[in-house]
Enquirer: 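Supplied in structure tokens, the structure appears directly below.
For clarity, every value in this text was computed on a predicted model and none was experimentally measured. A, B, ... follow the sequence lines: proteins, then strands. Residue 1 opens every chain.
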Amino acid sequence: MKQSDFLKAVLPFKDKVFRLAKRLLVSTEEAEDATQELYFKLWKNKEKLGEYKNVEAFAMTMTKNYCFDRLKSKQASNLTLVHSNYKEKDTSLEKKIEYKDSVSNVHKLIENLPEQQKIIIQLRDIEQYDFEEICEMVDMKPTAVRVALSRARKTIREELIKQHNYGVS
Amino acid sequence: MELANIEKLIEKYLEAETSLQEENILRTYFTSGNVAPHLEDYAIMFGYFKQNQSETFTKTIKLKPEKKSKKNFKWLSVAASLALLVSVYVGKVQYDKYQQRVYFAQVKEALEKVSFQLNKGNDALYAVSDNLNKGSDAVSQLKIYENTANTVLKKVNY
């Protein structure tokens with residue numbers, strides 16, 4: 001496999017890898033390192049890549065495992081929380097602030113979910129993979145994936161309603 | 001899209017039974033900015049999802065890691081430690097030589113001093129022997145005097 005072929009095969013999903021890594025590792029720098037590291041690994045194993053039916057799913061599984069390793073390792077024990085800048089257009093300032101607040105609230109809510117649900121909601125609601133692919137990536141049965149996804153969505157919705165009603169952030 | 005339909009889809013969505021197409025319908029509805037007030041919470045959720053999709057990895061990916069330079073660093077450190085070892089060894093040898101030279105010079109100086117003092121001692125000994133000779137000369141003169149005195153006395157006694 002030549003470098004150009006390799007890049008053609010793996011580059012399209014680099015943002016997805018990065019976002020999944022960031023979802024799990026929180027910090028942007030960590031996620032960037034993880035993405036870089038993952039592509040090293042893919043490049044090293046480029047001979048074997050042809051054997052996989054779905055390289056993208058394989059890469060996402062690798063990302064997931066790598067991030068778990070990072071989280072377990074001592075090196076990553078002092079992860080920092082970094083929020084990205086949320087952009088919004090043509091809403092009034094008050095609304096903007098409110099919206100920004102609730103948007104970063106969603107971020108926090110997802111952060112508080114169990115790892116498995118975090119990954120699944122990332123893969124489904126942000127990356128929009130179909131269930132088959134998600135099952136392959138997280139190595140779970142379709143029913144289990146559905147249950148986890150449903151729980152995650154309900155948790156987020158309920159928390160949002162709670163905050164909305166009590167005005168507690 | 002009628003509200004009733006959306007609400008039905010949301011129920012399905014929460015049970016994770018929607019297909020990707022149905023979720024796309026929800027997505028477009030909730031990000032359109034024209035959302036029914038009692039569903040605003042979902043707008044926030046979908047707004048967050050949409051906004052998260054736009055996050056990209058901006059750095060360039062390097063396929064050939066900087067392992068070469070890492071290796072070089074390894075060899076560099078080996079070389080540096082070797083150089084340090086050699087220089088310490090050479091330095092030690094040089095220092096020993098220097099120390100020996102200093103020691104030799106000290107010994108030489110000391111010996112010179114000793115021999116100077118020895119010469120002085122010699123002079124003193126010569127002086128002593130001169131005086132001794134003088135003394136013995138005087139003594140021999142005394143002996144001559146005694147002899148002559150004895151002969152004179154003998155002659156007188158006869």
Enquirer: Go through the steps to decide whether Arg146(A) and Glu15(B) satisfy the test salt bridge (Lys or Arg N to Asp or Glu O under 4.0 Å), and finish with yes or no.
Expert: CA-CA 8 Å; Arg146(A) 274 178 206 276; Glu15(B) 296 304 324; over 6 Å; no
Enquirer: Do you reckon Phe58(A) sits in the same ILVMFWY cluster as Met60(A), going by side-chain contacts under 4.5 Å, direct or chained?
Expert: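 Linked, Phe58(A) and Met60(A) end up in one cluster.
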Enquirer: Consider only side-chain heavy atoms of I, L, V, M, F, W and Y, link residues closer than 4.5 Å, and tell whether Leu39(B) and Ile25(B) are in one cluster.
Expert: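 Shared cluster, yes.
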Enquirer: Kindly check if the number of other-residue, nucleotide or ligand heavy atoms within 6.0 Å of CD (Glu7(B)) is above 12?
Expert: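 Check passes, neighbour count above 12.
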Enquirer: Using the six-membered ring of Tyr13(B), assess whether NZ or CZ of Arg153(A) lies under 6.0 Å from its centre and within 45 degrees of the ring axis.
Expert: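 Arg153(A) over Tyr13(B) ring: yes.
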Enquirer: If every non-hydrogen atom of Asp125(A) is compared with every non-hydrogen atom of Glu23(B), which pair is closest and at what distance?
Expert: OD1-OE1, 3.8 Å
Enquirer: What part of Leu7(A) is in contact with chain B, defined as an atom under 4.5 angstrom from a non-hydrogen atom: side chain, backbone, both or neither?
Expert: side chain
Enquirer: Could you check whether atom CD of Glu109(B) has more than 12 heavy atoms from other residues, nucleotides or ligands sitting under 6.0 Å from it?
Expert: no
Enquirer: Any side-chain heavy atom of Asp15(A) within less than 4.5 Å of one from Gln53(B)?
Expert: no
Enquirer: Using a cut-off of 6.0 Å, state whether more than 12 heavy atoms not belonging to Arg151(A) lie near its atom CZ.
Expert: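 Incorrect, the count does not exceed 12.
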Enquirer: Among Phe13(A), Phe18(A), Tyr39(A), which one satisfies ring pair (Phe, Tyr, Trp, His ring centres under 6.0 Å) with Phe57(B)?
Expert: Phe18(A)
Enquirer: Within a strict 4.5 Å, meaning less than it, do heavy atoms of the Lys50(B) and Ile126(A) side chains meet?
Expert: no
Enquirer: Please lay out, stage by stage, how Thr56(B) and Lys14(A) fare under the test side chain to side chain contact (heavy atoms under 4.5 Å, CB included).
Expert: CA-CA 8 Å; Thr56(B) 51; Lys14(A) 74 172 169 32; 5.7 Å; no
Enquirer: Here's a test for you: under side-chain hydrogen bond (donor to acceptor under 3.5 Å, both in side chains), which of Lys22(A), Gln122(A), Arg23(A), Arg19(A) qualifies with Asn52(B)?
Expert: Arg23(A)
Enquirer: Are any non-hydrogen side-chain atoms of Ile110(A) and Tyr48(B) less than 4.5 angstrom apart?
Expert: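 Yes - at least one pair of side-chain heavy atoms lies under 4.5 Å apart.
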Enquirer: Side chain to side chain contact (heavy atoms under 4.5 Å, CB included) for Lys59(B) and Thr35(A)? Distances and angles first, verdict last.
Expert: CA-CA 10 Å; Lys59(B) 293 194 167 174; Thr35(A) 312; over 6 Å; no
Enquirer: Treat each ILVMFWY residue as a node, draw an edge where side-chain heavy atoms are under 4.5 Å apart, and state whether Tyr66(A) and Leu24(A) are in one component.
Expert: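 Per the 4.5 Å side-chain linkage, Tyr66(A) and Leu24(A) are not co-clustered.
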Enquirer: With a cut-off of 6.0 Å (strictly less than), are more than 12 heavy atoms of other residues, nucleotides or ligands near NZ of Lys8(B)?
Expert: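 Counting neighbours around NZ of Lys8(B), 12 or fewer heavy atoms of other residues, nucleotides or ligands fall under 6.0 Å, so no.
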Enquirer: With rounding to the nearest 0.5 angstrom, report the NZ to CD distance, Lys16(A) to Glu55(B).
Expert: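 Going from NZ on Lys16(A) over to CD on Glu55(B), the span is 14.5 Å.
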Enquirer: What closest approach, in Å, do Ile156(A) and Met45(B) show between heavy atoms, and which atom pair accounts for it?
Expert: CG2-CG, 3.6 Å
Enquirer: Got a sec: does the CG of Asp123(B) have more than 12 other heavy atoms crowding it under 6.0 Å?
Expert: yes
Enquirer: Mind checking whether Ile10(B) and Arg157(A) have side chains closer than 4.5 Å, heavy atoms only?
Expert: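 Not touching, per the 4.5 Å side-chain cut-off.
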Enquirer: What pair of heavy atoms forms the shortest contact from Leu160(A) to Asp41(B), and how long is it?
Expert: CD1-O, 3.5 Å
Enquirer: Which heavy atom of Ser150(A) sits nearest to which heavy atom of Leu14(B), and what is that distance?
Expert: OG-O, 2.7 Å
Enquirer: With hydrophobic residues grouped by side-chain heavy-atom distances under 4.5 Å, do Phe46(B) and Leu20(B) end up in a single group?
Expert: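 Phe46(B) and Leu20(B): separate clusters.
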Enquirer: Tell me whether Asp96(B) at atom CG has more than 12 heavy atoms from other residues, nucleotides or ligands lying less than 6.0 Å away.
Expert: yes
Enquirer: Is Leu111(B) linked to Tyr103(B) within one hydrophobic cluster, defined over Ile, Leu, Val, Met, Phe, Trp and Tyr using a side-chain heavy-atom separation of less than 4.5 Å?
Expert: yes
Enquirer: So for Phe131(A), is it side chain, backbone, both, or neither that comes closer than 4.5 Å to the heavy atoms of chain B?
Expert: side chain
